[in-house]
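Here is the naming used below: chain letters follow the sequence lines, and residue numbers restart at 1 for every chain. As the structure is a computational prediction, the values presented were derived from the model and not from experiment.
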2 protein chains.
Amino acid sequence: MKKVSLKDIAKKAEVSTATVSYVLGNKKCRVSEATKERIRAIAQELNYQPNQIAQSLKSGKTYTIGLIVADISNPFFSNIARVIEDEAAKFGYTVIFGSSDESAEKSWKLIQFLKNRQVDGFIIVPTENSEAQIEYLQEQKMPFVLLDRYFPQLNTTNVAINNFEIASEMVKDLIKTSPKKIGMIAYKNSLIHMEDRIGGFQEASKSIESFIERVGFNAIEAEVELALENLLQKKVEALFFATNSLAVAGLRVLQQKNIKIPNEIAIASFDESEAFEFFYSPVSYIQQPINQMGTRALQLLLNKVNTPELQEKTEILTAECVFRKSSQR
Amino acid sequence: MKKVSLKDIAKKAEVSTATVSYVLGNKKCRVSEATKERIRAIAQELNYQPNQIAQSLKSGKTYTIGLIVADISNPFFSNIARVIEDEAAKFGYTVIFGSSDESAEKSWKLIQFLKNRQVDGFIIVPTENSEAQIEYLQEQKMPFVLLDRYFPQLNTTNVAINNFEIASEMVKDLIKTSPKKIGMIAYKNSLIHMEDRIGGFQEASKSIESFIERVGFNAIEAEVELALENLLQKKVEALFFATNSLAVAGLRVLQQKNIKIPNEIAIASFDESEAFEFFYSPVSYIQQPINQMGTRALQLLLNKVNTPELQEKTEILTAECVFRKSSQR
DNA sequence: TTGATTTGATTAAACGTTTAATCATATTTG
DNA sequence: CAAATATGATTAAACGTTTAATCAAATCAA
């Protein structure tokens with residue numbers, strides 16, 4: 001069952017492919033109504049579907065965008081992917097995605113890969129040390145939007161949240177019962193979102209003793225356990241997790257060590273997780289505006305795709321604190 | 001910064017585009033080493049990247065596969081997507097995905113959409129009433145593999161799990177302390193995976209009184225609450241959830257109604273969820289072999305893509321029961 | 001009636017590749 | 001030394017579209 005092309009329709013209708021193209025493309029052109037009808041009927045009959053590859057080659061547009069996230073299996077990113085997918089579909093765009101695993105090398109491979117596939121633009125959650133990749137895209141005049149994180153020294157279009165302020169707000173709540181020591185578990189990641197979360201933590205806890213433990217991306221379980229043990233030795237009375245993955249790993253350890261939350265230690269976390277609500281002491285968390293993040297990123301990208309010389313801008317959306325029992329001593 | 005094409009390299013190297021194509025494509029051909037070197041150097045210098053769109057148009061292959069899941073934001077599917085993505089990348093394939101939301105209409109739109117984008121094949125988690133779509137793909141000789149569910153009456157290649165047996169095993173464990181009544185909450189979905197889970201439940205609980213409540217996909221929260229209330233009225237002493245989403249909604253209600261698990265009611269669920277482990281009485285669940293499901297589906301698809309007349313086959317992988325406290329009375 | 005305009009459609013080139021067929025030139029063979 | 005072969009490269013068509021340029025015939029105006 002060969003694919004039906006314009007040529008097939010043209011042959012059957014005894015006209016040129018150009019005529020068929022004009023008619024099916026609804027271009028303004030001079031073709032008699034009779035011929036139009038005939039062509040449309042035949043197209044319908046043969047169930048003609050235009051070959052987008054050929055269209056893309058001609059037009060230089062693929063109506064495809066590349067989405068690079070840290071890890072599509074992380075609910076935060078899969079939820080954002082879902083939003084972007086839905087929003088893109090509204091405008092006739094398809095989404096191709098890839099996971100960088102926070103590795104600049106993988107990220108570069110993905111960029112090359114997707115660029116060869118001629119995506120019209122990128123939405124990228126950048127990894128550490130990927131500045132050069134971003135600058136490369138700029139040189140190539142390839143439209144893109146950075147999401148979740150960005151590089152302050154680079155003039156790019158970004159969609160992010162008020163990490164510093166919201167972390168500070170959450171931590172202030174965490175220490176409102178005046179503990180003497182507080183701890184934070186964050187990733188070993190120098191990107192702005194992480195630094196801002198840490199900055200907010202420090203700002204809010206500057207009046208008391210604070211400790212920060214940072215773990216790598218690889219052996220989260222083991223490293224978080226170690227980090228937590230260090231903090232327990234310091235006798236922290238409150239604990240702030242920089243992401244949901246860290247919190248879940250942390251909860252596991254806390255539960256296992258049978259530490260009473262919030263009485264012995266009050267806790268709160270960034271991001272959401274289904275686990276938070278069912279932990280015996282429901283976990284306070286910072287809710288990111290995922291829908292907005294996805295739709296804005298896509299909107300800004302499409303703007304750039306359609307208007308190349310647009311000014312770069314950074315959009316900072318506001319997250320919200322959801323207070324539950326885990327932080328109320 | 002226009003894109004560099006074979007033509008640009010050819011001009012600079014003062015040879016024909018054909019020669020450049022042969023050299024960069026590493027085809028066996030008769031070109032002197034000197035020329036080869038010159039061409040390769042220029043390609044490197046100009047940072048030539050082949051235009052995959054043009055290649056695809058010529059070859060009829062896009063090295064792209066379409067993945068249609070029920071909902072990419074559901075961890076079960078995003079995890080599978082991740083596995084498929086990684087596996088596909090190994091073979092130089094890209095994944096384009098879409099969420100059907102269990103709607104045959106959306107599924108059809110996605111199939112059309114992806115087909116126009118000339119994907120080489122599909123991995124589809126089919127929705128109810130999409131048999132015609134599947135048959136259409138067969139007529140079109142479009143390679144595809146069905147995942148998670150399939151239509152027994154259609155001769156297709158499928159990757160699924162032993163839903164009946166594993167559900168039966170879990171339910172048998174659930175009733176080993178001889179409760180008199182057991183309930184199940186399932187989706188209103190006539191597809192085989194759901195029917196088999198229900199079948200396994202019935203088979204295992206045939207010696208006692210059993211009740212089945214089925215809820216729609218839309219207002220899960222409200223419907224699950226209603227279903228649960230019905231079952232509570234029947235005074236069931238054990239409860240089996242057909243999926244993680246149903247279980248999470250159910251746990252919410254159970255927690256709110258302050259029902260003691262497992263003492264008042266023993267529970268177990270299909271699928272995993274981060275919530276299960278942190279529920280005060282960790283939830284027993286059926287763990288699906290997600291890695292295998294993804295890799296096998298992709299493998300079978302690539303086999304079909306490369307060997308069109310391959311025989312259809314159904315691969316049934318085995319899930320495992322993970323017993324925790326919630327089912328031990 | 002002649003020239004200008006409108007109408008309905010075709011031609012041909014282009015997008016960036018791939019690849020069979022062909023063609024000079026150089027080298028080997030008998 | 002002529003014929004056969006090997007070497008290094010080019011030509012041209014094709015994939016399925018789009019679209020500017022062109023063309024022939026019919027209609028109109030003067």
Side-chain angles (χ1 to χ4, degrees), chain A residues 1-40 42-43 46-64 92 112 115-120 140, chain B residues 1-40 42-43 46-64 92 112 115-120 140:
Chain A
M1 196 140 309
K2 280 301 310 147
K3 226 148 239 156
V4 199
S5 72
L6 285 186
K7 215 186 280 181
D8 301 317
I9 299 179
K11 201 182 298 172
K12 196 151 186 176
E14 297 177 303
V15 294
S16 69
T17 63
T19 308
V20 180
S21 174
Y22 282 126
V23 173
L24 297 183
N26 285 317
K27 302 283 176 208
K28 56 180 187 314
C29 63
R30 297 181 301 216
V31 179
S32 68
E33 272 310 317
T35 314
K36 279 187 184 169
E37 262 324 305
R38 191 154 39 93
I39 289 174
R40 280 198 262 260
I42 293 176
L46 300 182
N47 186 30
Y48 169 74
Q49 303 286 128
N51 182 327
Q52 289 230 22
I53 296 293
Q55 291 180 322
S56 292
L57 181 59
K58 190 86 229 300
S59 67
K61 287 207 63 177
T62 56
Y63 290 95
T64 301
Q112 298 281 68
K115 202 163 145 289
N116 291 359
R117 274 180 162 48
Q118 312 297 126
V119 295
D120 292 339
Q140 300 284 311
Chain B
M1 197 141 309
K2 280 296 314 142
K3 224 148 243 158
V4 202
S5 72
L6 285 186
K7 215 186 280 183
D8 301 316
I9 299 180
K11 200 181 297 171
K12 196 149 186 176
E14 297 178 303
V15 295
S16 69
T17 64
T19 307
V20 180
S21 174
Y22 282 127
V23 172
L24 297 182
N26 285 318
K27 303 283 174 205
K28 55 179 186 319
C29 63
R30 297 181 303 213
V31 180
S32 68
E33 271 310 318
T35 315
K36 278 187 185 169
E37 262 325 303
R38 190 156 38 96
I39 289 174
R40 279 198 262 260
I42 294 176
L46 300 182
N47 186 29
Y48 168 74
Q49 303 285 127
N51 181 327
Q52 288 230 22
I53 296 293
Q55 291 181 323
S56 293
L57 181 60
K58 189 86 230 298
S59 67
K61 288 207 62 177
T62 56
Y63 290 94
T64 301
Q112 298 282 68
K115 204 164 144 288
N116 292 359
R117 274 179 162 48
Q118 313 298 126
V119 296
D120 291 339
Q140 301 283 311

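Distance NZ (A/Lys27) to P (D/dT17): 14 Å, rounded to an integer number of Å. Rounded to whole Å, the distance from CZ on B/Arg30 to P on C/dA24 is 15 Å. For the pair B/Glu37 CD and D/dA9 P, the interatomic distance rounds to 13 Å; values are reported in whole Å. Distance B/Tyr22 OH to C/dT22 C1': 11 Å, rounded to the nearest Å. Between the CG atom of B/Leu6 and the C1' atom of C/dA14 there is a distance of 15 Å, given to the nearest Å. If you measure from atom CD of B/Gln55 to atom C1' of C/dC15, you get 14 Å, rounded to the nearest angstrom. Look at CD on A/Glu14: it is 16 Å from C1' on C/dG8, rounded to the nearest Å. Atom NZ in B/Lys115 sits roughly 13 Å away from atom P in D/dG16 (whole-Å rounding).
Contact annotation: B/Thr19 side-chain N/O to D/dT10 OP1/OP2 distance is under 4.0 Å. Taking 4.0 angstrom as the limit, A/Ser5 places none of its side-chain polar atoms (N or O) nearer than this to OP1 or OP2 of D/dG16. When the side-chain nitrogen and oxygen atoms of A/Tyr48 are compared with OP1 and OP2 of D/dT17, one or more of them lie within a distance under 4.0 Å. In terms of phosphate contacts, B/Lys7 brings a side-chain nitrogen or oxygen within less than 4.0 Å of OP1 or OP2 of C/dC15. Checking the phosphate oxygens (OP1, OP2) of D/dT18, a side-chain nitrogen or oxygen of A/Ser21 falls inside 4.0 Å. Distances shown here put every side-chain N or O of B/Ser59 at or beyond 4.0 Å from the OP1 or OP2 atom of C/dT17.
Side-chain N or O atoms of A/Thr62 include one that pairs as donor or acceptor with a backbone N or O of A/Gln118 at under 3.5 Å. Listed for the B/Ser56 side chain is a donor-acceptor partner under 3.5 Å among the backbone atoms of B/Gln52.
Residues A/Ile53 and B/Ala18 both approach DNA chain D. Their nearest nucleotides, taken by heavy-atom distance, put B/Ala18 toward the 5′ side. Heavy-atom nearest nucleotides on DNA chain D were determined for B/Leu57 and for B/Thr35, and the one closer to the 5' end corresponds to B/Thr35.
Side-chain contact check for B/Thr35 versus B/Val23: every heavy-atom pair is 4.5 Å or farther apart. The side-chain heavy atoms of A/Leu24 and A/Leu6, taken from C-beta on, include a pair separated by under 4.5 Å.
Looking at B/Lys58, its side chain has no donor and acceptor atom pair within 3.5 Å of the base of C/dT17.
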- [ ] May I have the step-by-step check of side-chain contact (heavy atoms from CB on, under 4.5 Å) for B/Val4 and B/Asn47, ending in yes or no?
- [x] CA-CA 8 Å; B/Val4 202; B/Asn47 186 29; 5.8 Å; no

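When heavy atoms are screened at a 4.0 angstrom cut-off, B/Ser32 is found touching the sugar-phosphate backbone but no base atom.
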